[in-house]
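Order of appearance sets the numbers: ligands from 1, and atoms from 1 within every ligand.
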Amino acid sequence: MMSSSPAVRVRDLRVVRGGHEVLHGLSFDVPRGRVVGLLGPSGCGKTTVMRALVGVQVVRSGSVTVLGEDAGSRGLRDRVGYATQTPAVYGDLTVAENLRYFASVLGAPRGDTDRVIEEVGLAAHRDQPVATLSGGQHSRANLAVALLGSPELLVLDEPTVGLDPVLRQELWALFRTLAGRGVTLIVSSHVMDEAARTDRLLLMREGRILADGAPGELRERTGAPDLEEAFLRLIADTAGSPT
Ligand SMILES: Nc1ncnc2c1ncn2[C@@H]1O[C@H](COP(=O)(O)OP(=O)(O)OP(=O)(O)O)[C@@H](O)[C@H]1O
């Protein structure tokens with residue numbers, strides 16, 4: 001049955017950027033309806049993985065299947081939402097104007113504009129030009145674009161960067177609500193305290209998946225008191241084992 005297949009299936013993914021291999025044969029599955037964290041230090045390849053998932057990354061080899069189709073297929077256009085790390089919204093347009101514009105490009109229903117503005121908590125700023133928003137408001141406007149059309153899979157590249165703890169909490173609550181409706185979310189972060197909020201973690205380092213499991217499992221497996229320490233222990237174990 002289609003719906004029992006994973007939301008994402010990646011096999012032996014290799015990517016070369018700027019003449020260097022930056023992903024070295026990644027394989028992982030992402031089950032549907034979960035909030036999955038893609039965690040790892042800056043430069044480890046999180047954005048490259050996300051680009052491959054949404055089909056904008058040239059890959060050297062391997063396969064990337066999303067919602068049962070090859071990543072980047074036409075049929076996935078309105079089923080996958082992507083929020084890039086650098087906001088893609090236009091500074092000279094208001095929040096509402098941006099969303100109306102992107103809704104028409106994506107073919108999302110008209111009423112969606114108001115829904116997503118509410119969801120990201122920007123109702124009070126809907127008529128403000130994006131260039132005048134604070135950093136956190138700006139990234140929320142960017143996130144709102146990814147929510148248009150109610151996609152089945154959301155790929156969010158560091159959506160909480162620059163947000164204060166209250167807003168971060170609110171956004172994670174929104175992610176949880178969306179997952180409750182069956183949406184699959186892949187959220188990258190390099191902040192370990194966010195990792196604990198996920199159902200499942202993909203820990204990356206230097207273009208490889210270091211560990212893949214529920215946060216509690218990773219803590220148990222390493223005997224670490226928290227995820228930061230678990231990550232460090234996993235790195236130490238990998239460094240000590242022959243490859
Ligand atoms: N356009 C590019 N040309 C060449 N190399 C690139 C390019 N973009 C990224 N890279 C390299 O690919 C590797 C992975 O980068 P990527 O942006 O995927 O990492 P990341 O984990 O998302 O980092 P961050 O958390 O800092 O955003 C890095 O070594 C980076 O320098």
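Put simply, CG on Asp112 and CG on Leu147 are 9.0 Å apart, with the number rounded to the nearest 0.5 Å.
By the rule that hydrophobic residues join a cluster once side-chain heavy atoms approach within less than 4.5 Å of another member, Val36 and Val155 end up as members of one cluster.
Partners of Phe175 by ring-ring contact (aromatic ring centres under 6.0 Å, His included), not counting sequence neighbours, listed by chain and number: Trp172.
Among Thr47, Val49, Thr86, the residue whose heavy atom lies closest to atom 22 (O) of ligand 1 is Thr47. Comparing Arg51, Gln57, Gln85 against atom 27 (O) of ligand 1, the shortest heavy-atom distance belongs to Gln85. Atom 19 (O) of ligand 1 has its nearest heavy-atom neighbour, among Ser42, Gly45, Gly19, in Gly45. By heavy-atom distance, the residue among Arg17, Met204, His20 lying nearest atom 8 (N) of ligand 1 is Arg17.
Nearest heavy-atom pair, Val95 versus Leu122, reported as atom, atom and distance to 0.1 Å: CG1-CD1, 4.3 Å. Residues Ala230 and Thr222 approach most closely at CB-OG1, 3.4 Å, considering heavy atoms.
Scanning the protein heavy atoms around atom 23 (O) of ligand 1, the nearest turns out to be Gly43 N, 2.8 Å.
Short contacts between ligand 1 and Cys44, defined as distances under 4.0 Å to a heavy atom of the residue, involve ligand atoms 19 (O), 21 (O). Shown in contact with Thr48 at under 4.0 Å from a heavy atom are these atoms of ligand 1, numbered in order with element: 14 (C), 15 (O), 16 (P), 18 (O).
For the pair Glu158 and ligand 1, a heavy-atom separation below 4.0 Å is found. The closest approach between Gly40 and ligand 1 stays at or above 4.0 Å for every heavy atom of the residue.
Tyr90 and Tyr101 have perpendicular rings, their planes meeting at more than 60° on a 0 to 90° scale where under 30° would count as parallel.
A donor-acceptor contact under 3.5 angstrom links the side chains of Arg32 and Ser5, judged on distance only.
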